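Notes follow once the structure below has been shown.
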Amino acid sequence: MAPTILLRNGEPFLAVGSPGGSTIITTVLQILLNRLDLGMNLPAAIAAPRATQRNTAATLAEQAFLDQYGAALTAKGQSIQLFPGPPPSIGAATGLEFLRPGLVQAVAEPIRRHGGSALVVRPAR
């Protein structure tokens, strides 16, 4: 898993990544959209429900995504189906957000694949 790293004014701002083969791109994209465009904090952006498009007729989605957006997207003509798994979840992301000099927030999945772990190995002194 190679992380996607964003810079702000030439300095590290956000790094996110996920295993998952063909679901990596959609997982990282949704986290970035949630964090940057929808104003979620990083923990909420990583925890939010996901969908993935694998160049097929139907978009595959987690149950929570179907519950939240399925009816509206189907009404617009989208074909959405439950992601089959296993596991029945998309991605297992972790991320770092550089909040200010010397303060880094490390975030991992709270539930997908039984939760994850993220931490800063060498804290600032």
Side-chain angles (χ1 to χ4, degrees):
M1 150 179 83
T4 297
I5 301 170
L6 281 86
L7 303 177
R8 179 185 281 165
N9 301 320
E11 296 292 325
F13 164 60
L14 189 63
V16 295
S18 175
S22 63
T23 65
I24 293 171
I25 294 170
T26 54
T27 296
V28 170
L29 174 64
Q30 288 170 91
I31 292 167
L32 294 175
L33 288 172
N34 289 339
R35 174 64 189 91
L36 302 172
D37 293 339
L38 299 179
M40 294 180 187
N41 61 31
L42 188 56
I46 286 177
R50 298 188 191 123
T52 189
Q53 179 35 263
R54 297 177 170 186
N55 201 25
T56 60
T59 296
L60 301 175
E62 296 173 337
Q63 185 62 56
F65 187 95
L66 288 169
D67 294 344
Q68 192 167 351
Y69 306 110
L73 291 171
T74 300
K76 293 182 182 283
Q78 297 293 313
S79 176
I80 302 178
Q81 297 174 355
L82 182 63
F83 184 79
S89 60
I90 299 170
T94 57
L96 295 173
E97 184 167 346
F98 297 82
L99 300 174
R100 63 178 186 264
L103 183 60
V104 178
Q105 181 180 40
V107 180
E109 293 285 357
I111 298 172
R112 287 178 186 93
R113 299 189 188 184
H114 308 291
S117 176
L119 56 102
V120 175
V121 177
R122 292 185 196 159
R125 295 176 193 239

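The residues of the chain are indexed from 1 along the displayed sequence. Computed from a predicted model, the values in this text were never measured in an experiment.
Heavy atoms only, all atoms of each residue included: V28 and S18 are closest at CG2-N, 4.5 Å. Closest approach of L32 and L14 over heavy atoms only: CD2-CD2, 3.8 Å. Taking both residues in full, the closest heavy atoms of S79 and A57 are given as CB-O, 3.8 Å, listed atom of the first, atom of the second, then distance. Considering every non-hydrogen atom in both E62 and I90, the closest pair reads OE2-N, 2.7 Å. Here the closest heavy-atom approach between residue N34 and residue A45 is recorded as ND2-O, 3.4 Å. Closest of all the heavy-atom pairs between P19 and R113 is CG-NH1, 4.0 Å.
F13 is not listed as a side-chain neighbour of L7, based on a closest heavy-atom distance of 4.5 Å or more.
Between the T59 side chain and the T52 main chain, no donor and acceptor come within less than 3.5 Å of each other. Using modelled atom types, one side-chain atom of T26 and one backbone atom of T23 make a donor-acceptor pair closer than 3.5 Å. Here the side chain of Q105 pairs no donor or acceptor atom with the backbone of L99 at under 3.5 angstrom.
Separating the CD atom in Q81 from the OG1 atom in T56 is a distance of 7.5 Å, to the nearest 0.5 Å. The CD1 atom of I80 sits 5.0 Å away from the OG1 atom of T74 when rounded to the nearest 0.5 Å.
By the side chain to side chain donor-acceptor pair (under 3.5 Å) test, D67 is found to be paired with Q63, residues two or more places apart in sequence or in another chain being considered. Every side chain to side chain donor-acceptor pair (under 3.5 Å) that E109 has, sequence neighbours left out, goes to R50, R112.
A single hydrophobic cluster is not seen to contain both F83 and I31; linkage of ILVMFWY side chains at heavy-atom distances under 4.5 Å, directly or through other members, places them apart. Clustering ILVMFWY residues whenever any of their side-chain heavy atoms sit less than 4.5 angstrom apart, transitively, puts L36 in the very cluster that holds I46. If you chain together hydrophobic residues whose side chains sit under 4.5 Å apart, L82 and Y69 fall into the same group. Hydrophobic cluster membership is shared by L6 and V16, with clusters built from Ile, Leu, Val, Met, Phe, Trp and Tyr side chains linked at under 4.5 angstrom.
Atom CG of L38 is surrounded by more than 12 heavy atoms from other residues, nucleotides or ligands within 6.0 Å.
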